[in-house]
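This report concerns only the one structure given below.
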Amino acid sequence: MTSELVANEANIAWQNCLKIIKENVSQQSFKTWFEPIIPYRLIGQKLIIQVPSQFFYEWLEDHYVQLLRKALDYSLGKNGQLEYSIIVDSGSKAKNEPTISVEAPKPEKEKPRNSFSNDKSSETIKNPFNLKALEDNGIDSCLNPNYHFSNFIEGDCNRLARAASFAVGERPSLSSFNPLMIYGGVGLGKTHLVQAIGNHIKMSQKGKELFVLYVSSEKFTSQFINSIRENSLQDFMSFYMQVDVLIIDDVQFLSGKEKTQESFFHIFNHLHQNGKQIVMTSDRPPRDLVGMEDRLLSRFKWGLTADLQSPDLETRIAIIQKKIEDEGIDVAFEVIEYLAHSIESNVRELEGVMISLIAQASLMRKTITLELAKTTLNHIVAENEKEVNIDNIMSTVAEEYDVRISDLKSKSRLRNFVIPRQVAMFLTKEHTSLSLKMIGYHFGGRDHSTVIHAIQTINDLSEVDKELATKVNKLRLMFKR
Ligand code: ADP
Ligand code: MG
């Protein structure tokens, strides 16, 4: 018999099985669990089928064993047997492993009634994964419509991450960025960016038909836990395995949650093997994800990992300008510059200040002046601002100029030390109530006239040296009161 014939026989036998299976499972389950199966060979009454993974095989055995028995009875008779051949996933290449021979399910003994409706009954269970909704196109992608590429400001800090995200948005699954992992500190735009991917896909012609899903890792975890409690793990898994573009936010949250990770691992493999797109974010690089299984971490490396850095001054200015423009208000550039200089850490904080500034201005029917910006900002940061004292002035200045605190106190006349030292004295006078004498004392036991000289010098230099003036201003803002 030629191999073609063998395959053909296997195919006929499997098609007969599918007839029975189709009658007993939902369309979704059929699509997820039975369509990917490839009939491989028929040897006597033994049918060998190929399944995509070990997990797949286990799932079939756990959930459909009775149904498979029934199907075999119909297709091959009571002595029909089933054997699974598992396509082992090793990296992105799939290769066949020697077949795992599995004892075909034995004919029904005294199983409870209705054992074939295993799958159907699960649909009547109330659970959050309304599989029916998928058919009705009523699925919620959980995307926030406000996050777009068009309102994501590009800068050196985010160029790669943005470009990769855009590529994925344009051609989900088809770029080499699968999975795409975006990481970066809090408030730097991770969620914005990955939501923009989802929205971009949904807006394209082809993307309308794709099942795009955004989920936070917290939500994923609690859904997983609930599904175990409610005995609907099957629905949970089936639901996620039907996603075309899975966007999962803040995966660091999965650290240490072994069981959740395991389910994610299987979903991840299933989707990836079926050419579906996966996008993830994390607040740290994958190598720092402590408590994350190695096999999961190694999966993260298949695609592209891109980071988001804190935005530089120009990008911060552009972000503020964009927000102002979107609000349709007019704000003087000096105010924008002031804000951009004052809030460096992250964009969320910057936005927070902007929002309260706009709110205040509209509340008091005022325009946003520099004065208002200053008071608002002072108000907001006052609480978490550390106490201004000579120690933190010294350490901040030392850090800014990349010198040591001991250099500020030393007798060295090197210009590299003199200027920072004078700036630190100047700021200490401005921001503390210390006397000139005390300031001199703290800066290596200097005379009060040295302190006066320092203050005078910085004042004079600021008039002519733009760079110095900017730096002093920037430092000054760190100690605003
Ligand atoms: P993360 O998820 O990294 O903590 P978010 O995506 O929630 O940060 O971003 C915080 C806020 O900052 C959001 O409102 C977002 O729109 C805004 N944001 C961050 N980066 C940018 C950017 N480059 N351009 C415009 N807005 C940004
Ligand atoms: Mg986020």
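Note that this is a predicted model, so its numbers are computed, not measured. All ligand and atom numbering here is 1-based and tracks the order in the structure.
Ring geometry, His272 versus Phe268: the interplanar angle falls under 30°, so the pair is classed parallel (tilted spans 30 to 60°). Note: His270 and Trp33 have tilted aromatic rings, judged against thresholds of 30 and 60 degrees for the angle between ring planes. The aromatic rings of Tyr147 and His192 sit tilted relative to each other, their planes meeting at an angle between 30° and 60°.
Within the cation-pi definition used here (under 6.0 Å to the ring centroid, within 45° of the axis), Lys259 does not qualify as a partner of Phe264. Annotation: cation-pi geometry not satisfied between Lys31 and Phe34 (NZ/CZ under 6.0 angstrom from ring centroid, within 45° of ring axis).
With respect to Arg159 and Asp156, a salt bridge is recorded, a charged nitrogen being found less than 4.0 Å from a carboxylate O. The pair Asp312-Arg316 does not count as a salt bridge, with every side-chain nitrogen at least 4.0 angstrom from each carboxylate oxygen.
Excluding waters, the protein N/O/S atoms found under 2.8 Å from the Mg ion (ligand 2) are Thr191 OG1.
Residues of the protein with a heavy atom under 4.0 Å from ligand 1 are Tyr147, Asn151, Phe152, Ile153, Asn158, Gly185, Val186, Gly187, Leu188, Gly189, Lys190, Thr191, His192, Ile319, Lys323, Val347, Arg348, Glu351, listed by chain and number.
A donor-acceptor pair under 3.5 Å links the side-chain atoms of Arg421 to the main chain of Asp407, judged by distance alone.
You'll find the side chain of Asn392 reaches within 4.5 Å of the side chain of Asn389, heavy atoms only.
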